[in-house]
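Below you'll find the structure, written out as structure tokens, and then a few comments.
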There are 2 protein chains.
Amino acid sequence: MRPKLTLKQIARELDVSISTVSRALRDSSEIGEETRKKIKAFAKFYNYKPNNIALSLKNRKTKTIGIIIPEIVHYFFTTVISGVEKVANEKGYNVIVCLSNNSFDKEVLNMELLANGSTDGFIMSMAKETLQKEDYHHFAEVINQGMPLVLFDRVIDEIHCDKVIIDDVIGAKKAVQYLLDTGAKKIGLVSTVDYVSVGKLRTRGYLEILRENNIEVDQNLILKIEDMDNSEAEIKDFIDKNEVDAVFAVNEHFAIHAIKAIQEKGLKVPEDVSVIGFTNGELSKRFIPSLTTVSQHGERMGGEAAKLLIDKLERKPDEGESYKTVIVETSLIERNSTKSLI
Amino acid sequence: MRPKLTLKQIARELDVSISTVSRALRDSSEIGEETRKKIKAFAKFYNYKPNNIALSLKNRKTKTIGIIIPEIVHYFFTTVISGVEKVANEKGYNVIVCLSNNSFDKEVLNMELLANGSTDGFIMSMAKETLQKEDYHHFAEVINQGMPLVLFDRVIDEIHCDKVIIDDVIGAKKAVQYLLDTGAKKIGLVSTVDYVSVGKLRTRGYLEILRENNIEVDQNLILKIEDMDNSEAEIKDFIDKNEVDAVFAVNEHFAIHAIKAIQEKGLKVPEDVSVIGFTNGELSKRFIPSLTTVSQHGERMGGEAAKLLIDKLERKPDEGESYKTVIVETSLIERNSTKSLI
DNA sequence: TTGTAAGCGTTATCAT
DNA sequence: ATGATAACGCTTACAA
């Protein structure tokens with residue numbers, strides 16, 4: 001076992017000073033041709049690589065971006081990571097991913113951990129528990145310390161920072177309008193409770209578009225799932241009790257459970273009931289019938305978040321503060337869970 | 001904006017030396033009650049947190065584990081990450097995830113990057129390109145430098161390190177035996193080309209179990225997918241041309257494409273043809289029919305990998321080298337894509 | 001009980 | 001053209 005080579009060792013070996021080695025390797029013009037060649041050859045031969053930790057300490061920047069997300073076993077989040085990673089790598093940044101597992105405490109812990117020298121900034125989506133507690137002091141904390149923060153997907157007005165979101169309301173409106181266009185009259189909504197902001201916004205879109213079409217809202221046709229673990233049963237019950245000719249679900253899982261429930265009720269999708277989901281994941285593509293869905297373009301969101309963050313990181317401090325919110329457009333992907341347009 | 005507090009600042013503020021502050025905060029017994037209280041109160045009030053980078057540099061360990069995987073938008077890998085994360089966190093380690101995107105160059109790059117001070121060790125699954133090139137110098141490199149490495153899932157004999165794998169051969173045998181038990185006679189295999197080790201092993205299991213049951217192998221019933229992007233068409237073609245009463249696919253995607261192809265051929269799953277997949281992902285659970293599958297227990301694999309790595313990291317160097325291979329058992333999960341046992 | 005100084009691996013600023 | 005030194009933030013002998 002041969003431990004890592006350092007500047008000091010090279011210097012000793014070649015009988016020059018450490019600074020000479022450092023300069024030679026960075027092609028400083030003030031080093032003699034000879035010495036430089038000699039040093040570079042030696043370093044190359046023994047495969048010298050600078051120690052990032054030392055560089056981070058010295059430069060007081062790490063060139064890495066920290067991502068903290070609620071869960072990793074989740075298609076949408078992985079596409080976002082993928083997008084962040086792509087853009088970050090292009091610009092010479094590395095990416096660290098940490099998980100909050102939707103726990104407030106773990107979110108705080110991870111942020112503190114990464115904030116203590118491991119990353120230059122954050123890209124995050126908030127833990128569910130944080131949204132419930134409405135305790136955002138840890139975000140204020142890092143912002144205060146001068147670390148840029150970009151929030152995506154699950155964001156909140158109270159936190160002042162750059163944000164990347166999708167047009168949830170518009171996306172939902174597109175979806176419901178599409179259902180109306182295919183002739184649906186009684187459109188059920190399967191959503192989440194309101195503290196999950198996406199649930200709230202998509203619900204708003206649903207309500208707005210019905211209003212715009214002068215259709216009266218029937219509260220019985222709105223289901224708000226409280227307990228994810230019990231969503232299947234709740235949805236089945238909802239479908240059994242109500243008569244609808246279309247369902248708009250705020251995510252894939254709800255959409256699929258709706259389809260199952262509809263089929264078990266003896267009805268056909270899309271002939272009797274159309275179903276539209278949200279999030280264009282694996283499931284939507286491969287399910288049979290494949291799902292018509294509102295695509296969130298997670299990768300694009302990740303890319304935008306990375307751009308915003310890196311912009312902030314590389315801006316001079318005197319250029320003043322201003323926070324942007326980038327809205328990534330959704331698009332409706334038509335597949336086989338909806339009737340075709342009339 | 002208030003930048004991070006350091007020991008030095010506390011020392012200046014309280015008019016003591018840096019080492020006194022350091023010791024007080026670490027509850028060293030050799031600090032006077034008074035001073036200690038004063039310092040701790042101050043630190044607490046101003047929310048002092050030690051700088052990890054400086055600690056890493058000093059201690060020459062980072063307490064973080066680097067995971068490098070081929071892709072993140074992939075259910076199995078995310079479950080592994082989740083498992084690593086859980087165990088690592090319990091033991092006070094952090095986790096950094098990097099992606100190779102199945103590229104050899106990026107795998108090398110990321111390893112070098114993380115090896116230069118960012119992590120104490122690696123948990124990895126090899127990029128496809130690396131397996132093809134059979135160039136493993138970068139692994140030898142880090143091992144040589146004394147950084148422990150644990151390989152999982154896609155592993156290779158030539159690299160000497162700890163490994164976590166599943167019993168691919170046994171898993172495949174379980175699956176095919178199950179099909180035989182349900183009365184199948186002509187069992188098709190949809191696998192990958194042989195340099196993907198899982199494909200090779202699962203194929204071996206298929207062959208072995210047929211042999212054990214004295215069933216002659218029909219090479220026409222074996223499909224090895226070369227180009228993932230074209231797998232759907234290849235599978236359709238395969239199903240169309242061959243008459244089988246069961247299919248064993250080495251992953252979910254292949255299984256689902258097989259089911260589609262079978263249905264499009266006018267046959268029913270599982271009545272006419274049973275299908276078993278490998279990997280118990282989202283798709284397997286939610287597809288209709290839900291898939292009977294060999295579950296890989298990714299989370300458990302991740303946990304085992306983390307344990308192995310941390311064991312190595314915390315072992316004294318003089319305890320000698322020995323490499324373990326942990327085999328995580330697969331289990332067959334029966335669902336609706338197979339006929340029930342006779 | 002507290003302070004001084006060296007060191008982790010770099011780079012930047014001064015000297016020489 | 002090269003070397004010595006300080007500094008990044010922290011810990012830890014060793015001195016006092």
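Chain A is the first sequence line, chain B the second, and so forth, proteins listed ahead of strands; every chain is numbered from 1.
- With distances taken from any side-chain atom of A:Arg60 to the nucleotides D:dC8, C:dT2, D:dG3, the minimum falls on D:dC8.
- A:Ile53 has its CD1 atom 15 Å from the P atom of D:dG9, to the nearest Å.
- Regarding contacts with the backbone of D:dC8, every side-chain N or O of A:Ser56 stays at 4.0 angstrom or more from both OP1 and OP2.
- Between the CD1 atom of B:Ile39 and the P atom of C:dT1 there is a distance of 13 Å, rounded to whole Å.
- Residue A:Ala54 has its side chain nearest to C:dG9 when only D:dG3, C:dG9, C:dT2 are considered.
- Distance from the side chain of B:Leu55 is smallest to D:dT11 among D:dC8, D:dT11, C:dC8.
- Taking only side-chain nitrogens and oxygens, B:Lys8 never comes nearer than 4.0 Å to OP1 or OP2 of D:dA7.
- Rounded to an integer number of Å, the gap from CG of B:Asp120 to C1' of C:dC8 is 14 Å.
- Using a cutoff of 4.0 Å between basic side-chain nitrogens and carboxylate oxygens, B:Glu314 and B:Lys63 are scored as salt-bridged.
- Side chains of B:Lys4 and A:Asn116: a donor-acceptor N/O pair is present below 3.5 angstrom, by distance only.
- Distances from the side chain of B:Thr6 to the nucleotides C:dT2, D:dC10, C:dC8 place D:dC10 closest.
- Summarising the geometry, the separation between CD1 on B:Ile18 and P on C:dA6 is reported as 14 Å, rounded to the nearest angstrom.
- Between A:Tyr48 and the phosphate of C:dG9, there is no side-chain N or O to OP1/OP2 separation shorter than 4.0 Å.
- Under 3.5 Å, the side chain of B:Ser19 and the base of C:dT4 form at least one donor-acceptor pair of N or O atoms.
- In the model, A:Asn47 has a side-chain atom that pairs as donor or acceptor with a side-chain atom of A:Lys49 under 3.5 Å.
- Of the candidate nucleotides C:dG3, C:dT10, C:dC8, C:dT10 has the atom lying nearest to any side-chain atom of A:Pro50.
- Between B:Asp27 atom CG and D:dT11 atom C1' the separation is 15 Å, expressed in whole Å.
- Straight-line distance from the CG atom of B:Leu7 to the P atom of D:dT12: 12 Å, rounded to whole Å.
- Closest to the side chain of A:Val16, from the set D:dA1, D:dG3, C:dT10, is D:dG3.
- A salt bridge is defined here as a Lys NZ or Arg NE, NH1 or NH2 lying under 4.0 Å from an Asp or Glu carboxylate O, and A:Lys37 with A:Glu34 fails to meet this definition.
- Checked against a 6.0 Å centroid threshold, the rings of A:His160 and A:Phe139 do not count as neighbours.
- Within the 4.0 Å cut-off from OP1 or OP2 of D:dT12, at least one side-chain nitrogen or oxygen of B:Arg26 is found.
- Using a 4.0 Å cut-off, no side-chain N or O of B:Arg36 falls inside it from OP1 or OP2 of C:dT2.
- The nearest whole Å value for the distance from the NZ atom in A:Lys61 to the C1' atom in D:dG9 is 18 Å.
- To the nearest angstrom, P of D:dA7 lies 18 Å from CG of B:Asn51.
- Among B:Asn94, B:Thr62, B:Thr64, the single residue meeting the side-chain hydrogen bond (donor to acceptor under 3.5 Å, both in side chains) criterion with B:Asp120 is B:Thr62.
- If you check D:dG3, C:dC8, D:dG9 against the side chain of A:Ser17, the one that comes closest is D:dG3.
- Checking C:dT11, D:dG9, C:dG3 against every side-chain atom of A:Lys58, the shortest atom distance belongs to C:dT11.
- A donor-acceptor contact under 3.5 Å is formed by the side chain of B:Arg23 with the base of C:dG3.
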